[in-house]
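Proteins come first, then strands; the chains are lettered A, B, ... in the order of their sequence lines, and each starts at number 1.
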There are 2 protein chains.
Amino acid sequence: MERKRADIIAEELEGLIFDGTFDNGERLDEVQLAEKFSVSRTPIREALQKLAQSGLVEQIPRRGVFVRQPGPVELIEMFEVMAELEAVCARLSASRISDEALADLHEANQRCNEAVDAQDADLYYRENERFHAILYRQSGNRFLEQECLRLHRRLQPFRRLQLRLRGRMRQSMGEHEAIVKALEAGDGNRASAEIRGHVAVQGEKFHHLIANLKPAAE
Amino acid sequence: MERKRADIIAEELEGLIFDGTFDNGERLDEVQLAEKFSVSRTPIREALQKLAQSGLVEQIPRRGVFVRQPGPVELIEMFEVMAELEAVCARLSASRISDEALADLHEANQRCNEAVDAQDADLYYRENERFHAILYRQSGNRFLEQECLRLHRRLQPFRRLQLRLRGRMRQSMGEHEAIVKALEAGDGNRASAEIRGHVAVQGEKFHHLIANLKPAAE
DNA sequence: GTCAATATTTTTGTATACAAGAAAACATAC
DNA sequence: GTATGTTTTCTTGTATACAAAAATATTGAC
């Protein structure tokens, strides 16, 4: 499955927006980017449209595209929606989840623990993602799964930032355990509540993080 | 806010896919479409990419784009997610909803009733949409609101089809009433449950509809 | 010097031209 | 007749060229 340049560029640009290379509100110049990537404007435009669709940039007709970093309010909102979607996953999972999936969840958690011990943020991050992905899949609703993955992906950089907080990884682990326990007990409502808290707290933490750390804001 | 041709074409194509002009799995030929719309391939490609992003067509690299009508299973799944999202809206609304918004909901319902009496499906449809839009807005979460509107829009043609069922409009009205009552009582859980049923039933009805009626599709 | 109107430049949107990969057609071997 | 390998055609992806709109600069009036 060969991908086209435009797709690769879209990913690259996504990364550049996430890591803050492009400031909020900054205009992305097509010809500049074309030079930068040594391609013509065509694949650049394709990539930009893709980013516009996923909400990372705003495209104003005949004016250009501008990076659009979500503000604190929107971030909280997004985490809230993420929390609710995952809560739905948990509730749906509770009755249908397989023993195998439960074992996978345990395993992911196990590796998360090891990552915390080893201070390996990358590993933690990967296994945490796996944990959540399993949950999405176990909802039994493929469409829901897709939507969850989409939003999860979008929140990725912010979650990552937030994980740097002292002790957050350890705390997060405990929450995971509680979720799995509830699922094992087949208690959808409890699992749902646990995960809602688990995700929503991330938004709040992030909020505090930037509130304290960011005197200069837009 | 002048729009570009590509956006207009995207909308047109969307309509053509919805109304079944293009069969499922059919390949959309760029040059054919370019001729049909009397433009070059460039805006056509833009439009197709947009459709691909919203899931109406599947784009296979170097092969082309193919219309991708959701099957019965996926439709049910989508309605289930819609139901859950709206349930979240209702729950969040319950505590924060304004009297004004409640009045608007009543008004929309009133007009829905009139539409049912007048057998005016279009009017019913419009007011029904307004009812749901108010709910989304009253969640107080703009991101959630956007996501709801997006999915609502995507399900639009199927909902419409389903409304043709005998007595469904009338029944739907009653469900709306129950939702508003729960909101007035500030009972988020009840409102949530009511609307979850209200939306989810649409998916099921649709399922039955096509299951019984499907030998000849339109 | 400020403001407004016009001219210039820049930038987006669209058309066309070209390149490369995939599908189809054809030919040859068995 | 079928299967395989080659050639041709067709289609997508990218580059370039052009058109139109917006931004910027320039000129002139006051």
TODO: Looking only at side-chain atoms of B/Ser40, point me to the closest of C/dG13, C/dT14, D/dT16.
DONE: C/dT14
Task: Phosphate-side-chain proximity, A/Arg63 and D/dA23, N/O vs OP1/OP2 below 4.0 Å - done: yes
Open item on the list: Output the rounded distance in Å from CD1 (B/Ile9) to P (C/dG13).
Closed with: 14 Å
TODO: Using a cut-off of strictly less than 4.0 Å, decide whether B/Arg3 has a side-chain nitrogen or oxygen near OP1 or OP2 of C/dG13.
DONE: no
TODO: Output the single nucleotide from D/dT11, C/dG13, D/dG13 whose closest atom is nearest the side chain of A/Lys4.
DONE: D/dG13
Open item on the list: If only side-chain N and O atoms count, and only distance matters, is there a donor-acceptor pair under 3.5 Å linking B/Thr21 with B/Asp19?
Closed with: yes
- [ ] Check whether the side chains of B/His176 and B/His198 place a donor and an acceptor atom closer than 3.5 Å, and report yes or no.
- [x] yes
- [ ] Answer whether the closest heavy-atom distance between the side chains of A/Pro70 and B/Phe143 falls below 4.5 Å.
- [x] no
Open item on the list: Any donor-acceptor pair under 3.5 Å linking the side-chain atoms of A/Tyr136 with those of A/Ser93?
Closed with: no
Open item on the list: On DNA chain D, compare the nucleotides closest to B/Leu28 and A/Pro43; which residue's is nearer the 5' end?
Closed with: B/Leu28
TODO: Examine C/dT14: is either OP1 or OP2 under 4.0 Å from a nitrogen or oxygen in the side chain of B/Thr42? Give yes or no.
DONE: no
Task: Whole angstrom value for the distance that separates P of C/dT10 from CZ of A/Arg41 - done: 15 Å
Open item on the list: Any base atoms under 4.0 Å from A/Val39, or only sugar-phosphate, or nothing? Heavy atoms, all strands.
Closed with: sugar-phosphate
Task: Minimum-distance nucleotide (side-chain atoms of A/Arg5 versus C/dT14, D/dT14, C/dG13) - done: D/dT14
Task: Nucleotide C/dT12, atom C1' - distance to CD of A/Glu58 in whole Å - done: 16 Å
Open item on the list: Rounded to whole Å, please give me the gap between CZ in A/Phe66 and C1' in D/dA22.
Closed with: 11 Å
- [ ] Give a yes or no answer on whether the side chain of A/Gln49 reaches the backbone of B/Ala47 with a donor-acceptor pair at less than 3.5 Å.
- [x] no
TODO: Could you work out which one of D/dT12, D/dA22, D/dT14 sits closest to the side chain of A/Glu46?
DONE: D/dT14
Open item on the list: Counting the atoms with a prime plus P, OP1 and OP2 as sugar-phosphate, which does A/Arg45 contact under 4.0 Å by heavy atoms, base, sugar-phosphate, or nothing?
Closed with: base
- [ ] Calculate the interatomic distance between B/Glu30 atom CD and C/dA15 atom C1'; express it in whole Å.
- [x] 14 Å
- [ ] Provide, to the nearest angstrom, the distance between the CD1 atom belonging to B/Ile44 and the P atom belonging to C/dA15.
- [x] 9 Å
Task: A/Gln49 CD to D/dG13 C1', straight-line distance once rounded to whole Å - done: 14 Å
- [ ] Could you please name the option among C/dA15, D/dT12, C/dG13 that lies closest to any side-chain atom of A/Gln59?
- [x] C/dG13
Open item on the list: Rounded to whole Å, please give me the gap between CZ in A/Arg62 and P in D/dA21.
Closed with: 6 Å
